[in-house]
Amino acid sequence: MFLLYEYDIFWAFLIISSVIPILAFLFSGILAPINKGPEKLSSYESGIEPMGDAWLQFRIRYYMFALVFVVFDVETVFLYPWAMSFDILGVSVFIEALIFVLILIVGLVYAWRKGALEWS
């Protein structure tokens, strides 16, 4: 039977972890001084007068590397609980995890062949 009172700690944690950042933003918005002037709107380069335009275009390769890293980082988050309960879950879950890893390897090979992992 599904009982909601078993999740009281979860809901309390969820509410508290949502309220704290909201309160932090509200307090910083209320207490922060509002001084808008030319110095506040200028870009800052270590105390030196800025040279050139503040808008720079970044190469897409940096984002591609970050995306591939995030995908494989999230993969480890999904595989860790499975590895901890491997002896309990059985062979069918092992096959499912193997398929999951194979799909990620196919994606990695695809990105590699497309040149997404090249710095040149």
Side-chain angles (χ1 to χ4, degrees):
M1 178 175 217
F2 182 72
L3 300 174
L4 288 177
Y5 68 85
E6 293 178 358
Y7 293 97
D8 287 345
I9 295 174
F10 169 75
W11 291 116
F13 180 76
L14 185 69
I15 290 170
I16 290 171
S17 63
S18 299
V19 167
I20 288 174
I22 291 171
L23 287 176
F25 278 116
L26 285 175
F27 286 144
S28 69
I30 293 170
L31 299 176
I34 302 174
N35 297 330
K36 293 198 178 185
E39 286 296 318
K40 194 72 163 172
L41 297 176
S42 70
S43 58
Y44 179 74
E45 291 184 12
S46 301
I48 302 172
E49 213 38 57
M51 296 181 294
D53 194 15
W55 293 96
L56 299 174
Q57 288 186 342
F58 289 100
R59 294 180 59 178
I60 191 69
R61 301 242 182 243
Y62 299 121
Y63 297 110
M64 292 299 293
F65 256 76
L67 238 129
V68 170
F69 170 75
V70 166
V71 165
F72 284 97
D73 198 39
V74 169
E75 170 199 4
T76 59
V77 168
F78 284 132
L79 286 179
Y80 185 74
W82 168 81
M84 289 292 104
S85 57
F86 174 71
D87 55 343
I88 299 169
L89 296 175
V91 178
S92 64
V93 176
F94 174 73
I95 294 172
E96 290 175 9
L98 190 63
I99 291 171
F100 176 67
V101 170
L102 288 175
I103 290 171
L104 287 170
I105 289 173
V106 167
L108 178 65
V109 169
Y110 175 77
W112 201 335
R113 290 215 174 166
K114 284 291 191 178
L117 303 177
E118 297 292 327
W119 278 108
S120 60

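The chain is numbered in sequence order, starting from 1. Owing to the predicted nature of the structure, the values given are computational and were not obtained by experimental measurement.
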What residues, two or more places apart in sequence or in another chain, satisfy side-chain contact (heavy atoms from CB on, under 4.5 Å) together with Val91?
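Checked Val91 against side-chain contact (heavy atoms from CB on, under 4.5 Å); matches are Ile95.
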[X]-[Y] co-clustered via ILVMFWY side chain contacts under 4.5 Å:
X	Y	answer
Val70	Val68	yes
Val109	Leu67	no
Tyr110	Ile103	no
Val101	Trp112	yes

Which residue pairs satisfy the ring-ring contact (aromatic ring centres under 6.0 Å, His included) criterion with at least one member in residues 88-108, sequence neighbours excluded?
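Only Phe86-Phe94 qualify under ring-ring contact (aromatic ring centres under 6.0 Å, His included).
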What pairs of donor and acceptor atoms, side-chain ones from residues 72-85 against any protein atom, are under 3.5 angstrom apart with sequence neighbours left out?
from	atom 1	to	atom 2	distance (Å)
Thr76	OG1	Asp73	O	2.5
Ser85	OG	Pro81	O	3.1

Test of understanding: with ring-ring contact (aromatic ring centres under 6.0 Å, His included), list the residues that count as partners of Phe65, not counting sequence neighbours.
Trp119
What donor-acceptor contacts under 3.5 angstrom involve side-chain atoms of residues 14-31, with partners at least two apart or in another chain?
from	atom 1	to	atom 2	distance (Å)
Ser17	OG	Phe13	O	2.8
Ser17	OG	Leu14	O	3.1
Ser18	OG	Leu14	O	2.8
Ser28	OG	Ala24	O	3.2
Ser28	OG	Phe25	O	3.0

